[in-house]
K.L.:
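One structure is given below, represented as structure tokens, and several questions about it will come after.
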Number of protein chains: 2
Amino acid sequence: MAQLPTVEDVARVASVSRQTVSNVLNSPHVVKATTRERVEAAIVELGYRQNASARRLRTRKSATLGIRLDPMADGISGSILDRFLHALTEQADERGMRVMLFTASGPQGEIDQISRLRDGADVDAFVLTSTFHRDPRTEWLIANDVPFVTFGRPWGIDDMNDPQHLWVDVDGAAGTRAATEHLIDTGARRILYVGWPSPSGTGDDRRRGWESAMRDRLGWNDADLDGLHVTAEEGVVQGSAAVSPLLAAFPAPDAIVCVSDSLALGAMTAAASAGLSGLPIVGFDNTPVAAAVGLSSVEQCLGDVAAGALELLLGSTGNDIVGADLSPGEAHRLITPELVIRSPRHLPLFDRAAATNAPGNHEERERP
Amino acid sequence: MAQLPTVEDVARVASVSRQTVSNVLNSPHVVKATTRERVEAAIVELGYRQNASARRLRTRKSATLGIRLDPMADGISGSILDRFLHALTEQADERGMRVMLFTASGPQGEIDQISRLRDGADVDAFVLTSTFHRDPRTEWLIANDVPFVTFGRPWGIDDMNDPQHLWVDVDGAAGTRAATEHLIDTGARRILYVGWPSPSGTGDDRRRGWESAMRDRLGWNDADLDGLHVTAEEGVVQGSAAVSPLLAAFPAPDAIVCVSDSLALGAMTAAASAGLSGLPIVGFDNTPVAAAVGLSSVEQCLGDVAAGALELLLGSTGNDIVGADLSPGEAHRLITPELVIRSPRHLPLFDRAAATNAPGNHEERERP
DNA sequence: ATAAAAACTTTGATCGTTCAAATTCTTGGT
DNA sequence: ACCAAGAATTTGAACGATCAAAGTTTTTAT
């Protein structure tokens with residue numbers, strides 16, 4: 001195959017100079033219409049394509065976003081970041097940008113990788129996930145003037161309003177509040193909550209959504225709410241183990257709201273063993289598991305999250321990294337999630353946390 | 001911040017020439033040891049980093065793999081490609097390569113994107129997923145000498161042995177065979193199979209695994225097997241709908257092997273409504289859903305798949321794209337999956353396919 | 001008609017690296 | 001000592017694009 005055509009070749013065919021070809025590509029408005037058409041025809045004729053590397057070398061722009069992909073985000077809710085990645089890739093593509101992945105171990109490792117990618121002009125800006133208060137990564141990025149946006153609030157009052165730290169997040173409290181209010185609307189009163197142990201930025205936020213709905217709509221006070229909630233580490237088994245005693249204390253709840261689908265599934269299991277297989281339960285994240293078992297859940301609307309991230313990074317229209325400082329109010333986006341109500345495919349789950357792992361138990365026929 | 005240091009700066013500090021610095025970086029063996037050390041010290045002192053774009057422009061190598069990420073691979077089994085992506089990114093990183101994502105609509109759109117990325121020297125090689133017989137993408141890639149490897153067999157005898165078409169795949173038949181044999185070992189005899197409608201390369205392959213185990217280990221013949229299997233489109237509901245009549249025809253099966261976790265979950269649902277809630281069922285893909293509900297499944301070992309893909313592309317040691325033709329036997333890898341046996345968290349699933357989607361049914365207490 | 005302004009186009013230099021070929025420095029055999 | 005062969009290093013020229021500034025043509029105002 002012959003050498004790929006360059007601007008020079010196009011210029012020759014169109015009888016113009018290199019620069020004019022470049023202008024047609026990058027600032028068409030400065031070129032006279034007739035000339036532009038001639039150049040465009042030559043581009044088509046030769047099948048010319050811009051060489052991205054040469055362009056990058058000169059402009060120091062790569063039209064590429066970097067995002068870290070962890071080795072394996074297993075578990076039920078692990079797919080959230082993957083879904084975000086899909087949405088981000090798609091939205092970035094619409095703006096003519098691409099997404100480059102990298103891995104790293106630990107915050108320092110990530111900083112090293114970012115630094116490398118940045119110096120090599122490989123990546124223009126970074127998207128970080130799961131940031132926390134005084135995250136060394138964000139501090140480094142700000143100090144080194146590397147454009148970035150995070151999916152997730154920094155969870156510190158000071159960082160949170162820092163206009164240099166662009167962030168997008170899902171309004172977890174709004175999600176659990178919507179779930180709780182929906183349950184209240186359908187007649188529920190004794191609504192339990194299963195959360196993550198405090199402190200957890202995301203977890204505490206979601207719990208507050210349930211609390212505020214219970215308080216505002218039902219007039220419950222702190223004392224009333226006190227025993228209605230319980231916490232557990234993420235996981236189906238942990239959820240089940242935490243909910244069982246809660247159900248012993250509150251034998252006739254109306255519903256359960258959970259901080260995650262994993263815990264919700266655990267709650268379903270526990271409810272089933274307690275003979276409450278029809279108990280309405282709402283999870284969070286709207287994972288495939290929730291869809292599969294017919295669990296109501298809160299959908300994070302990751303398309304909106306991705307769109308928000310790009311908007312902060314690139315401006316609402318353009319496709320160039322915005323270095324300009326945004327005003328505090330403009331430096332972040334809080335996406336309101338959507339409640340997805342499913343009619344449960346009712347699974348009278350039977351909790352066998354103590355079951356053996358031995359295979360071959362196909363003769364069993366158990367029922368609570 | 002001052003200008004980033006270049007080879008020139010390093011050269012000055014180390015009192016050598018540009019090229020020597022370049023050699024230290026790219027072919028250390030041609031540089032005298034003492035000189036090399038001097039240069040290396042200068043590199044560290046200045047914090048020099050190679051500019052990837054300049055290097056790419058000159059060498060036309062990018063140390064980057066491209067892979068298409070579809071807008072949204074929803075559903076239970078959608079996560080397979082995401083897990084593969086995680087593994088690929090990690091393995092690529094170990095070889096100093098990065099992964100770039102792009103989206104495209106349709107095969108022609110993907111070809112356009114590949115062509116663009118390739119011409120721009122953005123990407124050295126591509127990883128394709130879900131290829132089929134006479135896939136226009138692979139034909140184009142071969143015709144245009146673009147290095148690539150596919151995750152998934154081409155499913156055509158001729159392509160399959162084409163040494164120009166590198167591929168890695170999971171031996172689905174081995175997976176279902178192992179599942180079936182395991183069930184046989186535990187005493188099962190009447191083992192049903194739920195597959196995808198034919199023709200489906202992957203689906204037919206997996207069905208053959210069940211068939212061969214039934215034939216070889218139990219001596220069943222075609223006629224015996226004929227009514228023991230059923231097909232359904234991918235989906236929990238579809239699986240449930242297909243398995244119910246099967247269970248009516250075979251009221252006392254010993255186990256069910258399924259082509260996917262979605263169908264397996266559907267089968268669980270159907271089995272539960274038929275009063276067979278303890279029936280051993282094996283799915284395929286080992287998705288989070290399977291883990292969550294305690295469903296046995298076949299794990300694809302995506303780390304091995306990713307490793308195999310990179311080995312074919314880059315050779316077993318190096319990190320450069322191998323243009324060399326491999327011999328037919330060396331041009332592909334078939335990964336043997338692993339059977340994951342779980343003690344079911346027994347879910348006497350209750351099939352309510354006809355349930356309304358109306359919310360507010362929290363008062364229901366149903367049981368089959 | 002003419003100068004000034006605006007619109008458009010071209011020319012050289014440059015981004016940071018590696019290639020290819022030329023040059024200098026070592027080493028060893030006679 | 002000397003020369004050839006090899007090892008080590010350097011030099012000039014790309015790679016393909018854009019920037020900055022200078023040149024040309026066209027339009028507008030007087």
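Computed from heavy atoms alone, side chains included, the values below leave out hydrogens, waters and symmetry copies. Letters A, B, ... are given to chains in the order of the sequence lines, protein chains preceding strands, and every chain is numbered from 1.
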K.L.:
Quick one, A:H29 with A:N23, criterion side chain to side chain donor-acceptor pair (under 3.5 Å). Give me CA distance, side-chain angles, the key distance, then yes/no.
P.N.:
CA-CA 8 Å; A:H29 58 279; A:N23 285 338; over 6 Å; no
K.L.:
Using the salt bridge (charged side-chain N to carboxylate O under 4.0 Å, His left out) criterion, which residues pair with A:R116? Sequence neighbours excluded.
P.N.:
none
K.L.:
For the residue pair A:R98 / A:T89, report whether a side-chain donor-acceptor contact shorter than 3.5 Å exists.
P.N.:
no
K.L.:
Which letter, B, S or -, goes with each nucleotide of nucleotides 11-17 of chain C from 5' to 3', with contact meaning a protein heavy atom under 4.0 Å?
P.N.:
BBBBBBB
K.L.:
Dump the pairs, protein N or O against N or O of nucleotides 24-28 of chain C, anything under 3.5 Å, distances to one decimal.
P.N.:
none

K.L.:
Once side chain to side chain donor-acceptor pair (under 3.5 Å) is applied, do any residues pair with A:T131, and if so which ones, sequence neighbours excluded?
P.N.:
none
K.L.:
For B:R60, check salt bridge (charged side-chain N to carboxylate O under 4.0 Å, His left out) against everything at least two apart and list the hits.
P.N.:
none
K.L.:
Indicate yes or no: at least one non-hydrogen side-chain atom of A:V7 is less than 4.5 angstrom from one of A:N51.
P.N.:
no
K.L.:
For the residue pair B:R137 / B:T150, report whether a side-chain donor-acceptor contact shorter than 3.5 Å exists.
P.N.:
no
K.L.:
Under 4.5 Å between any side-chain heavy atoms of B:F126 and B:V149, yes or no?
P.N.:
no
K.L.:
Considering only NZ, NE, NH1 and NH2 on the basic side and carboxylate oxygens on the acidic side, decide whether B:D93 and B:R95 come within less than 4.0 Å.
P.N.:
no
K.L.:
Does the side chain of B:V13 reach to within under 4.5 Å of the side chain of B:E45, using non-hydrogen atoms?
P.N.:
yes
K.L.:
Could you give the CG-to-C1' distance, from B:N23 to C:dT18, as a whole number of Å?
P.N.:
9 Å
K.L.:
What are the bounds, 5' to 3', of the part of DNA chain D that sits under 4.0 Å from heavy atoms of chain A?
P.N.:
D:dG16 to D:dA20
